[in-house]
2 protein chains.
Amino acid sequence: MDKISEFSLQVFELNGLFIGIGDAALKPLGITSAKWQVLGTASMGKAQLSVPHIAKLIGQSRQATQKTANDLVRLGLAEFHENEFHKKSKLFVPTQKGLDTHKLALEIWMKISNSIISQIAPDELLRAIKINDELIGILRKINGGNHDK
Amino acid sequence: MDKISEFSLQVFELNGLFIGIGDAALKPLGITSAKWQVLGTASMGKAQLSVPHIAKLIGQSRQATQKTANDLVRLGLAEFHENEFHKKSKLFVPTQKGLDTHKLALEIWMKISNSIISQIAPDELLRAIKINDELIGILRKINGGNHDK
DNA sequence: TTCAAAATGACAATATATTGTCAATATGAG
DNA sequence: CTCATATTGACAATATATTGTCATTTTGAA
């Protein structure tokens with residue numbers, strides 16, 4: 001099998017494993033991996049972000065991120081704030097409960113992360129991250145500019 | 001951010017990119033990345049496989065693979081053959097049309113694969129595949145033996 | 001300023017995948 | 001052989017994600 005196929009099949013399995021492990025670990029907090037990703041993106045940055053902005057950052061469709069964001073608002077973990085500079089584009093802002101949940105999720109995740117890190121060579125992991133970055137760049141170009149088809 | 005988080009976020013995006021590129025490229029053949037993965041697993045091995053066996057090989061739930069397999073049968077790309085050694089467990093066998101489709105899909109994919117490979121250092125890709133393998137092993141253990149909950 | 005192009009939110013259709021459950025069949029330890 | 005355990009296929013509920021469409025708002029170039 002060609003090495004890109006091998007790599008992509010690994011990505012598919014890793015994707016499922018990370019989501020599965022995350023969902024199980026975050027279950028007590030009432031959120032999932034997908035919700036944590038959106039909540040985390042909004043919680044960690046300095047500036048307040050709109051949903052389409054978050055979607056671009058995490059490389060996801062605008063609509064998928066919007067759905068997750070709406071769910072987070074429904075759960076009381078975030079709110080839409082009026083954007084004085086852009087009437088139509090609201091800002092997605094975590095509530096205090098959202099920030100608290102994100103902090104607890106991070107603590108839970110760090111235990112898992114540390115456990116994994118203790119089992120692998122750090123420099124190899126850095127190398128993997130570097131090649132992943134290159135591949136993301138290449139694949140984004142192949143995928144074409146997402147024109148919000 | 002910890003390196004495992006960084007890595008997992010890359011995996012999420014790579015997952016979406018590979019699926020998106022695959023779906024677009026395979027569209028003329030009437031199949032998707034998910035269907036190609038199941039069809040491919042059944043087409044490339046020597047022995048005929050059951051659906052649960054394929055699911056384990058690709059690290060997916062039995063039910064998800066069953067759904068895809070049923071769809072492939074509905075499309076005329078595969079058939080369920082009676083298993084003389086196991087009355088209840090049918091064998092998932094590609095039809096000639098399924099084998100032809102898989103061959104065409106492979107040709108399409110190889111062009112994409114070669115294009116990607118030409119843009120990265122081969123030894124780095126091999127390293128990434130190696131660390132992915134290690135991580136899959138570690139994550140499988142964390143995820144616990146899938147007892148078909 | 002004007003107006004075409006882009007961005008945004010909302011909604012729908014479809015695909016993919018997990019988890020859970022159930023009944024039927026198969027397997028293996030005793 | 002017998003019976004507890006595991007496997008299998010089927011079905012349902014839910015979550016996640018893409019693609020497509022539409023009306024509205026915003027932006028930016030002529």
### Message
salt bridge (charged side-chain N to carboxylate O under 4.0 Å, His left out), that's the test. Do A:Lys103 and A:Glu107 meet it? Break it down for me.
### Response
CA-CA 6 Å; A:Lys103 188 167 173 287; A:Glu107 290 170 7; 3.3 Å; yes

Starting from the C-alpha separation in whole Å, work towards a yes-or-no answer on salt bridge (charged side-chain N to carboxylate O under 4.0 Å, His left out) for A:Asp133 and A:Lys130.
-> CA-CA 5 Å; A:Asp133 249 343; A:Lys130 184 164 160 283; over 6 Å; no

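Distance check, rounded to the nearest 0.5 Å: CE of A:Met110 to CD1 of A:Ile112 gives 10.5 Å. Annotation: the span from B:Ile131 atom CD1 to A:Ile120 atom CD1 amounts to 4.5 Å, rounded to 0.5 Å.
Atom pair B:Gln37:CD and C:dA15:P shows a separation of 18 Å (rounding to whole Å applied). Between the CZ atom of A:Phe18 and the P atom of D:dA15 there is a distance of 24 Å, rounded to whole Å. Spacing between atom CH2 of A:Trp36 and atom C1' of D:dA15 amounts to 18 Å, rounded to whole angstrom units. Between A:Asp71 atom CG and D:dA17 atom P there is a gap of 11 Å when expressed in whole angstrom units. For the pair B:Ile21 CD1 and D:dA17 P, the computed distance is 18 Å after rounding to whole Å. Regarding B:Lys67, its NZ atom lies at a distance of 13 Å from the P atom of C:dT18, rounded to whole Å. Between A:Glu82 atom CD and C:dT8 atom P there is a gap of 15 Å when expressed in whole angstrom units. Here C:dT16 presents its P atom at 13 Å from CG of B:Leu39, a figure rounded to the nearest Å.
Using modelled atom types, one finds a donor on one side chain and an acceptor on the other under 3.5 Å when comparing B:Asp23 with B:Ser33.
The only option from A:Val51, A:Leu91, A:Val93 that meets the side chain to side chain contact (heavy atoms under 4.5 Å, CB included) definition with A:Phe80 turns out to be A:Val51.
Residues A:Asp23 and B:Gly20 both approach DNA chain D. Their nearest nucleotides, taken by heavy-atom distance, put A:Asp23 toward the 5′ side.
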Short heteroatom pairs, N/O only, protein and nucleotides 9-11 of chain C, under 3.5 Å:
{"residue": "C:dG9", "atom": "OP1", "partner": "A:Lys88", "partner atom": "O", "Å": "3.1"}
{"residue": "C:dG9", "atom": "OP1", "partner": "A:Lys90", "partner atom": "N", "Å": "2.8"}
{"residue": "C:dG9", "atom": "N7", "partner": "A:Arg62", "partner atom": "NH1", "Å": "2.3"}
{"residue": "C:dG9", "atom": "O6", "partner": "A:Arg62", "partner atom": "NH2", "Å": "3.2"}

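In terms of phosphate contacts, B:Lys35 brings a side-chain nitrogen or oxygen within less than 4.0 Å of OP1 or OP2 of C:dT16.
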